[in-house]
Amino acid sequence: MNSSQKPVKGRPKYIVLTGGVGGAKLCQGLARVLEPSQLLFVVNTGDDFTHLGLHISPDVDSLMYALAGLSSRERGWGRDDETWNCLETLKKLGGESWFRLGDRDLALHLKRTADLAAGKTLTQSIASIKKGLRVKNRIVPMSNDPVRTKIDTDEGMLSFQEYFVSRQCQPKVNRVVYQGTWDARMASSVHTFLQSAELRGTIICPSNPVLSIDPILEVEGMRDWLRFPHTPRVAVSPIIGGEAVKGPTAKIFKELGKEVNAIGVAKHYGTLLDGFIYDRRDHYLETRFKGMPLPARSTDTLMQTDADKEALARNVLQFIDDISLENVFGKLEPYDA
Ligand code: GDP
């Protein structure tokens, strides 16, 4: 067994809730500044679906590829060094080709589908796949039970992939429902670690709050467990300058009648948070944040390079430390990082 395959020991200091590509960038930053044992990544599986008989977990895969350094920068999804022979052949055979599966990516889905068919849980399957990708970090799905995000739109109820991939987020969203959350049990390591004395904080990544983070929060008992530790819960805004860096977050916020800026994101999470990080380009919101009972800090949150990811990760960790100190010694003056 080489060093990358040794299981990570010890209790994590930070629990990190994440969705797809936006969240994965901050996770990469955190993974660069902390040892694998100090982090637990809890990933949205509300977008999971079955395609051509294969179990696909888009957000889990985005995170694994990002941590393995395999993500495609050019496409923004899937892995680099990809080929498309299977998809091309499938098209010629008249098979379904709307969901683009690369050859190397396909291998991952085959492995996961075989694991699940053999009776492994999603957690166990992720553990074995990430070993093959040489990823040391702990990654757990929000639940091993199926949860499916459904979008109630002006074109009717759509599955996540119908809305996101086939209809390219064009239909107007009236409501989002998370089917199965009531029966879904959270991955057991999440509540075990939330009770740990070593826990220093919970981080909500800059992912789509409605499509990527809410499914995690809606898993039965999750919100209650997240309130349990007396350590700071901090979110990073995925909306910068009133717009999403990518994807439909701003459009969905508008359609759901929410304020389309960092204040709207902070209000969306509400009392679950002890701290909020928004982008320095939104400095004009400072007075409004000062009027809210939530410590907020502005910094550069746009992650284009590895250095950006690392810098944001350090700022988030510093903010958590400062909030913890504030709880002990009283209020600190707000500042720009
Ligand atoms: P998707 O499933 O890949 O669309 O993923 P996510 O739910 O993770 O993320 C989409 C959200 O991530 C959008 O709201 C983006 O604005 C946000 N996002 C992407 N890159 C960045 C970034 O560099 N900084 C911040 N603050 N947000 C980002």
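Bear in mind that the values here come from a model prediction, so they are computed numbers and not experimental data. By convention here, the first residue in the shown sequence is residue 1. In what follows, every heavy atom counts, from backbone to side chain, and hydrogens, waters and symmetry copies are set aside. Order of appearance sets the numbers: ligands from 1, and atoms from 1 within every ligand.
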* Asked: Would you call R100 and D105 a salt bridge, using N to O less than 4.0 angstrom?
  -> no
* ligand 1 versus L211: contacting region, heavy-atom distance under 4.0 Å -> neither
* Hey, what's the ring geometry for F228 with W225, parallel, tilted or perpendicular (30° and 60° as the breaks)? -> tilted
* Asked: Have Y278 and N261 got a donor and an acceptor in their side chains that come within less than 3.5 Å?
  -> no
* Does the distance from a Lys or Arg side-chain N to an Asp or Glu carboxylate O, for E310 and R32, drop under 4.0 Å? -> yes
* Asked: Judged by modelled atom types alone, do R112 and H109 share a side-chain donor-acceptor pair under 3.5 Å?
  -> yes
* Close-contact set for ligand 1 against T301 heavy atoms, below 4.0 Å -> 22 (C), 23 (O), 24 (N), 25 (C), 26 (N)
* **Donor + acceptor pair across side chains of D214, H268 (<3.5 Å)** => yes
* Which residue holds the protein heavy atom closest to atom 19 (C) of ligand 1, what is that atom called, and what is the gap in Å? -> G22 CA, 3.4 Å
* Residue P238 vicinity, atoms of ligand 1 by number, heavy atom under 4.0 Å -> 14 (O), 15 (C), 16 (O), 17 (C), 27 (N)
* Check each atom of ligand 1 against the heavy atoms of K25 and keep those under 4.0 Å away; list them by number with element. => 20 (N), 21 (C), 22 (C), 23 (O)
* To do: Would you mind telling me if ligand 1 is within reach of the side chain of S237, the backbone, both or neither, using heavy atoms under 4.0 Å?
  => backbone
* To do: Identify, by atom number and element, the atoms of ligand 1 in contact range of G23, meaning under 4.0 Å from any of its heavy atoms.
  => 8 (O)
* **Polar side chain donor-acceptor pair, S128 to K111, under 3.5 angstrom** => yes
* To do: Give the atoms of ligand 1, by number and element, whose distance to some non-hydrogen atom of N208 is under 4.0 Å.
  => 6 (P), 7 (O), 9 (O), 10 (C), 11 (C)
* Any S212 heavy atom less than 4.0 Å to ligand 1 -> yes
* Give the ring-plane orientation class for F99 versus H51, where under 30° counts as parallel, over 60° as perpendicular and anything between as tilted. => perpendicular
* Is there at least one pair of N or O atoms, one from G19 and one from ligand 1, spaced under 3.5 Å apart? -> no
* Asked: Looking at K246, which atoms of ligand 1 are within less than 4.0 Å of one of its heavy atoms?
  -> 1 (P), 3 (O), 4 (O), 13 (C), 15 (C), 16 (O)
* Asked: Going by distance only, is there an N or O of G20 that falls short of 3.5 Å from an N or O of ligand 1?
  -> yes
* Asked: Mind checking whether M303 has an N or O less than 3.5 Å away from an N or O of ligand 1?
  -> yes
* Asked: ligand 1 versus T249, non-hydrogen atoms closer than 4.0 Å: side chain, backbone, both, neither?
  -> side chain
* Structure fact -> Atoms of ligand 1 under 4.0 Å from any heavy atom of S207, numbered from 1 in the order shown, are 6 (P), 7 (O), 8 (O), 9 (O), 11 (C)
* Per-atom contacts of ligand 1 with L302, taking only distances under 4.0 Å to non-hydrogen atoms -> 23 (O), 24 (N)
